[in-house]
Enquirer: 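Below is a structure I'd like to ask you about.
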Amino acid sequence: MLLLLIMMVTGAEATCPAWAPARAEREIARLTAQLARWNENYWRQGASEVSDGVYDQLSARLTQWQRCFGYGEQDESSPPGVTSGVMHPVAHTGVQKLADARAVSQWMAGKRDLWVQPKVDGVAVTLVYHHGRLQQAISRGDGLKGEDWTEKARRIPAIPQTVTGALAESVLQGEIFLQRDNHIQKQMGGMNARAKVAGALMQHGESQALSQLGVFIWAWPDGPQNMDHRLTLLRQAGFPLTQRYSQKVTRPKEVAEWREHWFTTPLPFVTDGVVIRSAIEPEGKYWLPTQGSWVAAWKYTPASQVAEVKAINFTVGRTGKIAVVAQLLPVKLDDKQVQRVNIGSLARWQMLDIAPGDQLLISLAGQGIPRIDSVVWRSLQRTKPTPPVQKYNALTCFYAAPGCEEQFLARLEWLGSKAVFDINGLGRAGWQTLHQAHTFTHIFSWMVLTPEQLGNTPGMTPTRAAQLWHQFNLVRQQPFKRWVTALGLPLSRAALGGLADSRWEDIVARDELGWQRLPGMGSTRAQRMVDAIHHPAISRLAQWLASQKIAGF
């Protein structure tokens with residue numbers, strides 16, 4: 001089970017850090033202490049500085065390190081002892097976390113009368129009813145003792161203040177949650193719901209936020225053994241959600257189906273998975289923290305993953321800007337294997353203070369592009385690479401030269417993209433192969449390659465060579481404004497649209513004021529335009545395009 005959790009967190013086979021024993025001891029000690037602080041904050045206040053997903057993944061990372069370096073594993077998720085507070089009539093057991101469908105199947109084997117419920121994301125509470133009235137509300141605390149939340153609970157409309165019948169003398173355990181209208185977990189995520197609930201409950205004085213809270217009862221220690229009867233009594237007493245969101249299951253497939261259903265269906269609360277429980281429970285006097293063998297949770301796959309930085313790399317883009325990229329130990333997000341994430345500019349890298357060995361929280365942005373959400377853990381040893389000297393700009397590396405390799409290749413890649421000539425199937429690696437085989441002089445040298453030369457390119461089939469030669473020929477027929485784009489001139493989109501009937505000589509003749517009169521061309525852009533047009537490299541490229549009889553030149 002432990003190995004399953006580690007593999008779920010890392011998204012790959014767990015690997016051991018290449019640390020000296022002294023460093024391993026310090027790194028393990030620091031992460032152990034941090035997890036203990038987060039754990040204490042979570043159990044005592046119901047909230048944490050980090051999400052459950054981050055905590056679980058870093059906890060698994062610690063376990064991995066402990067296994068790597070021969071340390072005894074410690075359970076950092078156990079509740080810390082509470083020296084003062086109100087004793088729970090029945091202890092909170094917590095739930096065992098199951099890593100995947102296989103673990104769910106193993107856990108369900110041999111158990112009877114099983115039910116699945118949404119795992120409501122809120123703050124756990126004990127409600128004590130005596131003579132039909134709410135006598136006490138106690139926070140979970142360490143599972144044995146907690147804070148007295150009775151006065152707060154009396155001001156939460158969703159918590160019945162009086163009950164009758166079997167519930168008149170009862171102890172209930174449940175989740176105080178933030179009420180939501182049609183919350184779809186898959187689309188909306190966690191929304192920091194637990195922290196909002198904890199904040200409302202710990203706020204001193206009157207709080208309007210209490211009226212926005214609800215309660216979901218998930219346990220009735222020593223209640224009716226028949227689950228259907230138990231759920232009916234809870235509904236009649238003013239706790240309708242438990243019956244509405246409890247489903248009897250017999251097979252792991254049914255659990256998976258309800259898990260997916262509640263993940264994609266509008267609900268009145270935030271969830272982070274499902275809970276499977278057996279209606280067959282021991283007497284409440286035997287319940288102990290972390291000992292609830294009859295209940296387990298299967299959480300949703302995190303929308304983000306903690307990934308370790310393997311190295312920091314620098315790349316020079318088409319316009320000469322230096323971009324910083326973090327190379328990662330592979331993690332899986334959805335069905336995507338992520339090994340690199342773009343940090344951005346040198347300034348952002350320095351601001352985020354990222355070094356090899358750090359742990360980043362990674363998620364997928366639009367179109368499945370990996371992004372950095374936050375730095376969740378920094379390695380003790382801060383060894384950063386030295387960035388390259390900024391000597392490139394929008395007017396460098398139109399011609400192949402020593403030191404220009406990256407920017408030159410970036411320019412070629414951009415020419416083949418949909419933004420310019422849309423040359424199908426020729427990405428960065430393809431351009432690099434062509435450049436290495438035929439030693440391009442400038443960014444348009446590929447236009448004069450013959451079918452024979454393309455056919456002799458390493459790794460290129462005759463069919464592919466013919467297709468590529470045909471596409472290169474079609475490029476020659478592109479309109480003039482597309483060639484202006486290819487030269488990288490700093491024109492606004494609106495100004496570019498007005499060049500349909502222009503020629504290169506018209507562009508060269510226009511001065512700064514002339515460019516400013518065009519839409520989207522301010523003084524700064526107009527000056528950059530004039531500088532670019534008269535730059536020697538661009539002038540030579542324009543002459544070469546004229547020699548190739550490209551329209552407009």
Side-chain angles (χ1 to χ4, degrees), residues 39-47 77-95 117-178 194 197-198 200-202 210 213-224 230-231 233-235 237-242 246 269 275 277 279 281-292 294-295 297:
N39 190 41
E40 183 173 358
N41 189 27
Y42 168 76
W43 283 91
R44 293 189 176 176
Q45 300 181 19
S77 63
S78 299
V82 176
T83 56
S84 63
V86 180
M87 184 71 71
H88 287 283
V90 178
H92 281 244
T93 65
V95 294
Q117 301 169 332
K119 188 176 183 297
V120 180
D121 195 11
V123 174
V125 67
T126 292
L127 300 179
V128 182
Y129 288 93
H130 183 53
H131 296 315
R133 293 185 174 277
L134 180 64
Q135 183 186 55
Q136 258 183 335
I138 310 167
S139 73
R140 172 169 51 184
D142 65 359
L144 296 174
K145 291 180 181 179
E147 296 181 45
D148 189 337
W149 280 352
T150 308
E151 290 307 310
K152 296 286 187 182
R154 295 196 195 284
R155 300 202 295 274
I156 298 176
I159 297 179
Q161 301 301 303
T162 60
V163 292
T164 58
L167 276 87
E169 300 291 333
S170 64
V171 175
L172 305 177
Q173 294 180 352
E175 202 84 3
I176 297 178
F177 63 86
L178 183 68
R194 176 181 297 152
V197 175
L201 290 168
M202 290 184 289
L210 294 175
L213 305 182
V215 65
F216 184 97
I217 300 301
W218 32 253
W220 182 355
D222 301 319
R230 187 187 312 179
L231 296 174
L233 291 176
L234 284 170
R235 176 179 56 79
F239 302 102
L241 294 176
T242 312
S246 295
F269 36 62
V275 171
R277 61 175 63 251
E281 303 168 342
E283 295 179 51
K285 64 183 178 181
Y286 297 117
W287 291 22
L288 290 170
T290 74
Q291 300 300 310
W294 61 94
V295 59

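Note that the structure is predicted; figures quoted are calculated from it, not measured. Nothing fancy with the numbering, it's 1 onward along the sequence.
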Enquirer: Any idea which heavy atoms bring Val295 and Val95 closest together, and the distance?
Expert: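 Distance-wise, the nearest heavy atoms are CG2-CG1, 3.6 Å.
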Enquirer: Please report the shortest heavy-atom distance between Leu241 and Val215, naming the atom on each side.
Expert: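 Closest approach of Leu241 to Val215, heavy atoms only: CD1-O, 3.9 Å.
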Enquirer: Give the C-alpha distance, both sets of side-chain angles, the deciding distance and a yes or no for side chain to side chain contact (heavy atoms under 4.5 Å, CB included) between Val171 and Asp222.
Expert: CA-CA 8 Å; Val171 175; Asp222 301 319; over 6 Å; no
Enquirer: Determine, stepwise, if the pair Val275 / Trp218 fulfils side chain to side chain contact (heavy atoms under 4.5 Å, CB included).
Expert: CA-CA 9 Å; Val275 171; Trp218 32 253; over 6 Å; no
Enquirer: NZ/Lys145 to NE2/His88 distance, rounded to the nearest 0.5 angstrom?
Expert: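 Answer rounded to 0.5 Å: 11.0 Å.
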Enquirer: How are the rings of Phe269 and Phe177 set to each other: parallel, tilted or perpendicular (split at 30° and 60°)?
Expert: perpendicular
Enquirer: Strictly distance-based, threshold 3.5 Å: is any side-chain N or O of Gln173 a donor or acceptor partner for the main-chain N or O of Val90?
Expert: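 Yes; at least one donor-acceptor contact below 3.5 Å.
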Enquirer: For side-chain hydrogen bond (donor to acceptor under 3.5 Å, both in side chains), just list the numbers for Gln117 and Ser246, CA-CA rounded to whole Å, side-chain angles, deciding distance to a tenth of an Å, and then say yes or no.
Expert: CA-CA 5 Å; Gln117 301 169 332; Ser246 295; 2.9 Å; yes
Enquirer: Grab the two heavy atoms, one from Ala200 and one from Leu210, that are nearest each other, plus how far apart they are.
Expert: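 Closest approach of Ala200 to Leu210, heavy atoms only: O-CD2, 3.8 Å.
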Enquirer: For the residue pair Leu213 and Ala158, what are the closest heavy atoms and their distance?
Expert: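 Here Leu213 and Ala158 meet closest at O-CB, 3.5 Å.
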Enquirer: Might you point out which heavy atoms bring Leu201 and Trp149 nearest each other, and give the distance in Å?
Expert: CD1-CZ3, 3.4 Å
Enquirer: Distance-only, no hydrogens or angles: does the Gln136 side chain make a donor-acceptor pair with backbone N or O of Val128 under 3.5 Å?
Expert: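 Flag not set: sc Gln136 to bb Val128 has no pair under 3.5 Å.
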Enquirer: Can you tell me if CZ on Arg133 sees more than 12 non-hydrogen neighbours from other groups inside 6.0 Å?
Expert: no
Enquirer: Side-chain contact, heavy-atom cut-off 4.5 Å: Glu281 with Trp287?
Expert: yes
Enquirer: Which heavy-atom pair separates His92 from Val125 by the least distance, and what is that distance?
Expert: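 So the minimum-distance heavy-atom pair works out to CE1-O, 3.6 Å.
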